[in-house]
Amino acid sequence: MLFADVRGSTALAGERAVSEYTTLIQKFYRVSSDILIRHDALVNRLMGDQVIGLFVPRLTGSNHAKRAVEAAIEILRATGHHELDGPWIPVGIGVHSGEAFVGSVGSGDGVTEIAILGDNVNKAARLSSNAAAGELIVSEEAFASADLSGERLERRKLELTGIRQPVEVRVVRSDQGV
C-alpha cells in the first residue's frame, strides 16, 4: 500500500484562489495516478490531498513491495522534490506491505465503494502522516519484502497513533535510490 499526502495543504489552499488550488490538486492526482498505473497499482482513492495506491500481489506480481517503493520515489521526483527550486507541491509518502481486506462495502442493496480495511492499512496511512515533504517512509516489512539494499538509508522507530508497538522504518528521500 502506498499513501501519498500533500504536506501543508491547508496553508496552500489559503494562499491561492480556489480555482488555482483545485488545478494544483488535480495535477497532483493526475501525475500520481499515472505513475501508480505504470507501476501496476490500483488507484484506490483520490481524496482531499491524498492518493492511495494498492499493489495487490495477484495484479502487481511477487515484487509488489518493490514496485510500490519505485512508484513512491517516482512520485517524489515528478513533484519536483529533487529540484533546486523545490517541489511544485510538497508530498510525503508512506509504504507498507501486509495483509488487508480489499473489496466492496456498503449497504445490502449494493456496493457503495471499494474499500481497504485492516491494521496494515492504518499503519500505511500513519507512515504517510509521519513523512515530511520529500520523504518516503517504508516499513521494515515492505523494505524486506521489496528485497532492497539500504545500508545508507536513515532508520527510525516511530510511535504511530492507534498502532500498539513502535514501527521500525527506513527513510528514503527523492534524491536517493534504493
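Note that the structure is a prediction, hence the values are computed from the model and not measured.
From L160, atom CG reaches atom CG of N130 across 5.5 Å, with rounding to the nearest 0.5 Å. Between atom CD of residue E83 and atom CZ of residue R77 there is a gap of 11.0 Å, rounded to the nearest 0.5 Å. Between atom CZ of residue F55 and atom CG of residue N63 there is a gap of 10.5 Å, rounded to the nearest 0.5 Å. Note that CG of D34 is 10.0 Å distant from CD1 of I75, once rounded to the nearest 0.5 Å. Separation of atoms CZ (R38) and CZ (R67) is listed at 10.0 Å; rounding is to 0.5 Å.
Nearest heavy-atom pair across L12 and P90 is CD1-CD, 3.8 Å. Residues A133 and R7 approach most closely at N-CG, 3.8 Å, considering heavy atoms. Taking both residues in full, the closest heavy atoms of L127 and V95 are given as CD1-O, 3.6 Å, listed atom of the first, atom of the second, then distance.
You'll find the side chain of S33 reaches within 4.5 Å of the side chain of L46, heavy atoms only. Under the 4.5 Å side-chain criterion, counting only non-hydrogen atoms from C-beta, L2 is not in contact with V51. Annotation: side chain of W88 is in contact with side chain of V31 (closest heavy-atom distance under 4.5 Å). Between I52 and V43 the shortest side-chain heavy-atom distance does not fall below 4.5 Å. In this structure, L36 and H39 have side chains that are not in contact, with every pair of non-hydrogen atoms separated by 4.5 Å or more. Annotation: side chain of F143 is in contact with side chain of L153 (closest heavy-atom distance under 4.5 Å). A heavy-atom distance below 4.5 Å is found between the side chains of N120 and M1. Using a 4.5 Å heavy-atom threshold, the side chains of L59 and D40 count as separate.
Residues satisfying the salt bridge (Lys or Arg N to Asp or Glu O under 4.0 Å) criterion with R126, sequence neighbours excluded, are absent altogether. Residues forming a salt bridge (Lys or Arg N to Asp or Glu O under 4.0 Å) with R156 (at least two apart in sequence, or on another chain): E135, E154.
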*When you look at V138 and V169, which way does the side chain to side chain contact (heavy atoms under 4.5 Å, CB included) test go after all the steps?*
CA-CA 5 Å; V138 182; V169 300; over 6 Å; no
*Could you go step by step and tell me if V91 and F28 meet the side chain to side chain contact (heavy atoms under 4.5 Å, CB included) rule?*
CA-CA 9 Å; V91 177; F28 169 63; 3.7 Å; yes
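Checking each of K123, K157, R170 against E140 for a salt bridge (Lys or Arg N to Asp or Glu O under 4.0 Å) leaves exactly one that passes, namely R170. Remark: of the listed residues H96, H64, K66, H64 is the sole one forming a side-chain contact (heavy atoms from CB on, under 4.5 Å) with S145.
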Only distances under 3.5 Å count here; give the side-chain donor-acceptor pairs of residues 19-27 to other protein atoms, sequence neighbours excluded, each with its distance to 0.1 Å.
unit_1 : atom_1 : unit_2 : atom_2 : d
T22    : OG1    : V18    : O      : 2.8
T23    : OG1    : S19    : O      : 2.9

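Proximity of a side-chain donor or acceptor of S128 to a complementary backbone N or O of A124 within less than 3.5 Å is not detected. Listed for the H81 side chain is no donor-acceptor partner under 3.5 Å among the backbone atoms of P87.
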